[in-house]
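Lettering follows sequence order; numbering is per chain, from 1.
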2 protein chains.
Amino acid sequence: MTAPRPVTINDVAARAGVAPSTVSRALSEPGRGNPATRERIRAIARELNYVPNSQAQALSSGRTGTIALLVSDVTNPFYFGIIRGTQQMSKAAGLAEVLIDTEDSPDLEGDMLRKMRRSLDGAILASSRLSERALIRLAGEIPLVTINRNVRGLPSVVIDSPDGIAQAVEHLVSLGHRDIVYVSGPETSWSNQARWHAMRKAAAKHGLEFRRVGPFARGRSSGTAAADAVLNSGATACVVFNDLLAIGLLTRLAERGVAVPGRLSVVGCDDIFGADFCHPPLTTLSGPAEQAGRAAVSLLLGRLGDPRAPAARRAVLLPTHLTVRESTGPA
Amino acid sequence: MTAPRPVTINDVAARAGVAPSTVSRALSEPGRGNPATRERIRAIARELNYVPNSQAQALSSGRTGTIALLVSDVTNPFYFGIIRGTQQMSKAAGLAEVLIDTEDSPDLEGDMLRKMRRSLDGAILASSRLSERALIRLAGEIPLVTINRNVRGLPSVVIDSPDGIAQAVEHLVSLGHRDIVYVSGPETSWSNQARWHAMRKAAAKHGLEFRRVGPFARGRSSGTAAADAVLNSGATACVVFNDLLAIGLLTRLAERGVAVPGRLSVVGCDDIFGADFCHPPLTTLSGPAEQAGRAAVSLLLGRLGDPRAPAARRAVLLPTHLTVRESTGPA
DNA sequence: GGGGACACGACAATCGTTTGCCATCAATTG
DNA sequence: CAATTGATGGCAAACGATTGTCGTGTCCCC
């Protein structure tokens with residue numbers, strides 16, 4: 001059982017008694033050609049089980065039919081929804097999607113992007129670690145869309161967590177908390193900056209003291225240090241940069257026998273997988289991650305359809321809301 | 001700022017004063033050519049920031065440098081480790097990897113595979129839903145490696161959960177449990193069959209009654225029904241098909257006020273993200289998922305290197321062990 | 001009935017590589 | 001010193017599609 005030579009456009013053409021070019025057009029140019037011929041060709045193509053060689057298509061047409069989604073860590077559940085969303089949408093658009101793990105490294109991110117730029121129609125950067133300059137330069141080489149990162153001139157989708165933060169503060173204040181601390185993520189994180197900023201604003205509005213502890217790394221393991229820092233701060237409630245960190249923090253609090261929410265209320269961000277079944281279930285900011293993924297692909301498609309378009313900045317802002325569970329309670 | 005024509009192999013050749021073929025060889029055939037020339041060409045390529053067009057390479061050489069990893073659901077944390085492992089290994093081997101979500105559908109899985117077979121060097125099927133026949137047929141069209149699925153003639157990596165199941169039963173028996181029920185996943189799942197089989201064997205060894213409830217769907221939401229069924233069965237301990245289901249079950253038990261492990265001990269399988277911080281932390285079977293991913297890519301590479309090789313069946317069996325947490329206790 | 005327009009489909013160039021084959025030249029050997 | 005060998009690098013033919021250009025046939029309208 002030797003591998004049979006795969007059927008090419010020429011085989012189809014020969015079988016149909018037409019030129020390859022006719023087959024090509026019958027298959028991909030809806031407006032062109034005789035409907036009868038087209039149907040005949042399509043039938044033959046189907047019968048022969050013809051699948052166009054995408055490499056050849058790409059080489060010839062310049063379009064690869066592939067986009068990339070870059071995430072800093074594939075195993076961070078935060079990306080679940082986004083991945084799902086982009087996959088849905090790109091499948092619907094007939095695009096292939098490669099998932100690239102940048103391992104939190106700006107250099108790796110840039111290298112991968114540069115290396116693959118020829119084999120991609122575009123890329124979506126979920127939480128890019130690249131500098132603004134680097135991003136703008138890369139955008140000149142390959143169409144880019146960012147998620148949760150705002151850069152002049154680049155289409156972007158941002159899940160408006162600042163808005164949610166305000167809701168969280170509102171919630172905590174209504175429960176009687178007057179001393180709320182923000183548990184900061186990495187300084188370089190765009191989302192972290194945005195959230196911290198929103199915290200300050202919300203706190204100011206209520207005339208509260210605002211402080212922060214950190215910065216801490218993104219992972220769950222940083223939760224230990226974070227928990228201790230929060231406890232030292234004497235605050236009665238905290239808003240944590242993201243759920244991963246918040247869950248780590250919860251674990252440590254349990255270890256130290258600190259009652260949540262009795263002694264300390266905890267609010268997370270992102271509503272990741274696990275936020276609903278950790279102990280206690282986490283009050284957190286939920287956002288439409290899948291929708292964000294879909295929107296990002298749409299934006300990219302827009303940019304692709306008309307390559308000479310002025311790359312008009314288009315930004316999609318998605319709302320978040322507070323999901324109250326059991327990690328928050330009266331002061 | 002118009003997009004500059006990307007630099008091709010011809011540009012490099014012209015600059016170096018040699019033929020394109022020489023450049024090609026200097027760049028990719030280590031044994032061939034004058035070392036001095038090679039270095040000169042490499043230097044020029046680097047200087048010009050030359051990146052080979054992978055489409056053209058693929059078209060010409062027949063190798064695409066891309067493999068696919070098919071999973072039934074990208075957002076199932078079970079695949080975390082596997083994804084990480086395959087990505088690591090394929091990056092190391094200079095391969096691109098596409099992640100494909102088959103949405104639990106055999107048809108979709110087959111279609112995707114057929115459709116992409118021309119643009120892939122091979123594929124790794126993590127928990128394939130395809131029939132044995134379909135798998136064997138597809139393997140004739142594109143090199144395949146399976147994970148957690150044993151099919152005659154296909155290289156495979158399996159995480160030996162049956163072995164872990166034996167450990168789990170041992171653990172429960174030593175805690176005094178005499179009535180253990182298996183909470184079954186989908187009938188069509190290969191892993192489920194393997195686990196159920198192992199359960200029966202282990203139970204027989206200890207002269208225990210063995211029963212099962214189910215089958216239940218894979219998701220967390222099925223946990224509700226599963227919990228009720230287990231309670232009805234009167235068993236004092238249960239081994240659950242996977243952690244997702246087990247976590248769902250735990251949630252329901254908490255709702256019903258059933259003490260775990262006081263009234264019921266629960267053992268899961270897979271040790272997914274979340275198993276350590278759910279409530280109570282889950283005793284479960286841990287396996288080297290990352291390693292499985294790496295092994296799968298290795299197997300695939302082996303199959304790729306020598307396409308005319310007799311496709312010798314090679315199987316990698318990876319051990320599991322029981323990770324005891326707090327969801328199991330004395331009967 | 002003749003001319004023009006238009007639709008159809010063929011031809012052939014092109015995309016950027018790889019790779020089999022061959023000419024050339026230097027080095028080694030008898 | 002001649003002949004064999006081996007290394008080197010150039011030529012050109014693929015790989016399988018897309019797409020601009022152009023001849024041919026059909027139809028319509030005046």
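Mapping B:Gly17 and A:Asn53 onto DNA chain D by nearest heavy atom places B:Gly17 at the nucleotide closer to the 5' end. Nearest-nucleotide positions on DNA chain C for A:Pro20 and B:Ala56 put A:Pro20 closer to the 5' end. With the nearest nucleotide of DNA chain D identified for both A:Ser28 and B:Ser60, B:Ser60 has the one nearer the 5' end.
Residue A:Arg63 is classed as a sugar-phosphate contact, given heavy-atom separations below 4.0 Å to backbone atoms only. Among the atoms of the strands shown, base atoms are found under 4.0 Å from some heavy atom of B:Ser24. In this structure, B:Ser54 reaches neither bases nor backbone, as no heavy-atom distance under 4.0 Å exists between it and the strands shown. Residue contacts for B:Ser21: at a heavy-atom cut-off of 4.0 Å it reaches a base atom on one of the strands shown.
Each of B:Asp104, B:Asp107, B:Thr188 was checked for a side-chain hydrogen bond (donor to acceptor under 3.5 Å, both in side chains) with B:Arg129, and the lone residue meeting it is B:Asp104. Residue A:Leu300 is tested with A:Leu95, A:Thr86, A:Ile124 for a side chain to side chain contact (heavy atoms under 4.5 Å, CB included); the sole match is A:Ile124.
The CD atom of A:Gln55 sits 14 Å away from the C1' atom of C:dT18 (whole-angstrom rounding). As a whole-Å value, the separation of B:Arg38 CZ from D:dG9 P is 10 Å. Regarding A:Asn10, its CG atom lies at a distance of 9 Å from the P atom of D:dC15, rounded to whole Å. Between B:Arg117 atom CZ and D:dG16 atom P there is a gap of 13 Å when expressed in whole angstrom units. At whole-Å resolution of the value, CD in A:Gln57 and C1' in D:dC15 are 14 Å apart. Distance, A:Leu27 CG to C:dG9 P: 14 Å, rounded to whole Å. Here the P atom of nucleotide D:dC15 and the CD1 atom of A:Ile9 are 15 Å apart, to the nearest Å.
In terms of heavy atoms, A:Thr64 sits closest to A:Arg118 at CG2-O, 3.8 Å.
The shortest distance between the side-chain N/O atoms of A:Thr37 and the OP1/OP2 oxygens of C:dG9 is below 4.0 Å.
No hydrogens or angles were tested; on distance alone, nothing pairs the side chain of A:Ser61 with the base of D:dT18 as donor and acceptor under 3.5 Å. The base of D:dG20 lies close enough to the side chain of A:Arg25 for a donor and an acceptor atom to sit less than 3.5 Å apart. With hydrogens and angles ignored, no donor-acceptor pair closer than 3.5 Å exists between the side chain of A:Thr22 and the base of C:dC8.
At a threshold of 4.5 Å between non-hydrogen side-chain atoms, the residues B:Ser156 and B:Val151 do not count as touching.
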Starting from the C-alpha separation in whole Å, work towards a yes-or-no answer on ring pair (Phe, Tyr, Trp, His ring centres under 6.0 Å) for A:Phe80 and B:Phe80.
-> CA-CA 11 Å; A:Phe80 272 12; B:Phe80 272 12; 5.2 Å; yes
